[in-house]
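The chain is numbered in sequence order, starting from 1. Computation of the quantities below employed the complete heavy-atom set of this structure, encompassing side-chain atoms and omitting hydrogens, waters and symmetry-equivalent molecules.
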Amino acid sequence: MKITVVGGGPAGLYFSILMKRQDPSHEITVYERNPAGSTYGWGVTYWAGLLDKLRAGDPASAEAISAASVTWTDGVAIVRDERTTHHGDAGFGIGRRRMLTLLADRARELGVRVEFEHGVGGPDAPELVGSDLVVAADGVHSALREAHADRFGAELTSGRNQYIWLGTTKVFDSFSFAFKETEHGWIWCYAYGFSGERSTCVVECSPATWRGLALDRMNEADSLNLLEKLFADLLDGEPLIGREHADGSAQWLTFRTLTTRTWHHDRLVLLGDAAHTTHYSIGAGTTLALEDALALADALRPAGDLDAALTTYGKRRRAELVSAQSAARYSAQWYENLPRYMRLEPARMFALLGQRHSPLLPHVPPQLYYRLDRAAEQLEPLRRLKRWLGPRVARAVHRSARA
């Protein structure tokens, strides 16, 4: 096949690798509008299960990613001024730029043509002429998807809180949180290492706190100065690093959750953020995009009906995403309702932070939920009841709200 991939992010590059490994005779070109090495973002997080899948897909790129990653096993939280620790499963971090470089190098090694600084204007662009398959891996604002908006049925919903992606020279050896109470409300940060020199920091707060602290009016330099003071005990005196707009303002955002009704139209198929997004607080965006690539390549493995293969891919991934999208929705809501949990002592608050994906948690008083959760760890019948009850309570509340 002649395959054209629009978008040189992790999903597009990895899909090109998988297809070249399946059949070296595929003619594959990846077009990326940005220069090589100019990627946005700081670090990418993932867990061991993804590495196992990547090793099955392409051992060489999996081992390169693993070797370039850092690992942590603990979660640490500073609540007001008290520090607490939670021991959990191993997590991994890698610089987004480093991951993209490794994947681009591997794709070229296999014979994929990777073109940076080469945008594709739309579905009628000359780069797409003669392609048997066009893969839209061009992100949440996908021009190819929007050109057929009625076919894909995309819906975007915005979250309430303000957030900003930052870097820091403070190297974290655990996934770290800090929650600070100000006279204008709570502001918090999650931070994780992605190399031996840098870490990612995501700062979030409610709109009222954002305005009350004047972050809506500050330039980036002043914003960073204020945030460094607020999170001084987390950063140990190390600076924050931003990515200002051309006018000097800070890049504060509200998260946009994207869903799509269908994932392909004719020979055009969606991949990664062009098809879906999940709230950053579950740390699954890159993992889900790479899993899309694995699923699409798997659906295309047997030669045959392209439309049937793309239909199979879309149905499979929409079904597999249900649990992640639910977890992301509840996680975002947990942070949007943060004051509800801040009356707990820090260790209990941090324990419920780990339970933020639960559909039952928003409907049970936090203290009671904490006791229920601790008891469920010891009693299997109670654990089964908790799993059974959560979705049913959430559905009942949703039906009541709609009525």
Side-chain angles (χ1 to χ4, degrees), residues 1-41 44 54 57-58 60-62 64-65 68 94-147 263-264 266-276 285-301 306 309-310 313 317:
M1 284 197 296
K2 181 179 180 181
I3 301 172
T4 303
V5 180
V6 181
L13 289 169
Y14 192 61
F15 173 72
S16 74
I17 290 168
L18 295 173
M19 292 304 291
K20 265 295 189 181
R21 278 176 50 80
Q22 282 185 24
D23 187 346
S25 69
H26 288 319
E27 180 186 340
I28 306 176
T29 304
V30 178
Y31 292 106
E32 169 54 49
R33 66 177 179 270
N34 294 315
S38 67
T39 179
Y40 69 91
V44 168
L54 296 183
D58 178 42
S61 58
I65 288 170
I94 181 173
R96 180 177 170 86
R97 182 180 298 175
R98 180 65 174 145
M99 172 180 269
L100 291 178
T101 298
L102 293 172
L103 291 176
D105 288 347
R106 175 61 173 156
R108 288 195 187 97
E109 178 185 309
L110 292 170
V112 176
R113 191 169 138 226
V114 181
E115 298 283 343
F116 289 101
E117 299 184 74
H118 193 137
V120 174
D124 299 321
E127 293 87 353
L128 308 184
V129 173
S131 298
D132 300 300
L133 177 66
V134 176
V135 180
D138 50 345
V140 66
H141 298 297
S142 171
L144 295 182
R145 184 195 68 232
E146 287 306 295
W263 286 26
H264 87 280
D266 195 17
R267 59 177 181 150
L268 173 63
V269 64
L270 307 180
L271 195 67
D273 283 358
H276 57 84
T286 298
T287 292
L288 295 174
L290 291 170
E291 288 175 347
D292 286 353
L294 285 159
L296 180 55
D298 185 61
L300 293 167
R301 187 179 303 276
L306 179 63
L310 298 183
Y313 156 71
R317 287 305 288 154

Any sub-3.5 Å donor-acceptor pair from Asp58's side-chain atoms to Leu18's backbone N or O? no

Roughly how far apart are Leu110 CG and Lys20 NZ, rounded to 0.5 Å? 8.0 Å

May I ask you to decide if Lys2's main-chain N or O and Asp132's side chain share a donor-acceptor pair within less than 3.5 Å? yes

Evaluate the side-chain contact (heavy atoms from CB on, under 4.5 Å) criterion for residues Asp292 and His276: first the C-alpha distance (whole Å), next the side-chain angles of each, then the deciding distance (0.1 Å), finally the verdict. CA-CA 10 Å; Asp292 286 353; His276 57 84; 2.6 Å; yes

Keeping Asp23 on the side-chain end and Ser25 on the backbone end, is there a donor-acceptor pair under 3.5 Å? yes

Sub-3.5 Å donor-acceptor pair from the side chain of Arg21 to the main-chain atoms of Gly57, do we have one? yes

For Ala64 versus Leu102, what's the shortest heavy-atom pair and its separation? O-CD1, 3.5 Å

Pairwise side-chain contact, Val5 with Leu133, heavy-atom cut-off 4.5 Å (strictly under): no

Atom pair CD (Glu127) and OG1 (Thr4), whose distance is rounded to the nearest 0.5 Å: 8.5 Å

Minimum side-chain heavy-atom gap Leu13-Val112 below 4.5 Å: no

Within a 6.0 Å radius of atom CD on Glu27, are there more than 12 heavy atoms belonging to other residues, nucleotides or ligands? no

Between Ile65 and Met99, is any pair of side-chain heavy atoms under 4.5 Å apart? yes

Identify the two heavy atoms, one from Arg96 and one from Thr286, that lie closest to each other, and give their separation to 0.1 Å. NH1-OG1, 4.5 Å

Residue pair Phe15 / Val269, side-chain heavy-atom distance below 4.5 Å: no

Which class fits the ring pair His118 and Tyr31: parallel under 30°, tilted 30 to 60°, perpendicular over 60°? tilted

Polar side-chain atom of Ser142 near backbone of Asp138 as donor-acceptor pair, under 3.5 Å: no

Check whether any side-chain N or O of Arg145 sits under 3.5 Å from a backbone N or O of Val140 as a donor-acceptor pair, and report yes or no. yes

Mark yes or no for whether Arg267, through its side chain, and Ser131, through its backbone, hold a donor-acceptor pair below 3.5 Å. yes

With a 3.5 Å distance limit and no angle check, can you tell me whether His26 reaches the backbone of Met1 through a side-chain donor-acceptor pair? yes

Measuring from atom CG of Leu300 to atom CE of Met19, what distance do you get when rounded to the nearest 0.5 angstrom? 4.5 Å

Counting only heavy atoms not in Arg33 (residues, nucleotides, ligands), do more than 12 fall under 6.0 Å from its CZ? no

Shortest non-hydrogen contact from Tyr313 to Ala295? CD1-C, 3.9 Å

Just wondering, do Ile3 and Ser16 contact through their side chains at under 4.5 Å, heavy atoms? no

So do the side chains of Leu54 and Ser61 get within less than 4.5 Å of each other, counting heavy atoms only? no

Minimum-distance pair of heavy atoms, taken over all atoms of Phe116 and Ala104: CZ-CB, 4.3 Å

How close do Val114 and Ala107 get, heavy atom to heavy atom, and via which atoms? CG2-CB, 4.2 Å

Heavy-atom closest pair (Ile17 atom, Leu103 atom, distance to 0.1 Å) is CD1-O, 3.5 Å

Could you tell me whether Glu291 and Arg317 make a salt bridge, using a distance below 4.0 angstrom between a side-chain N and a carboxylate O? yes

Mind checking whether Leu144 and Leu270 have side chains closer than 4.5 Å, heavy atoms only? no

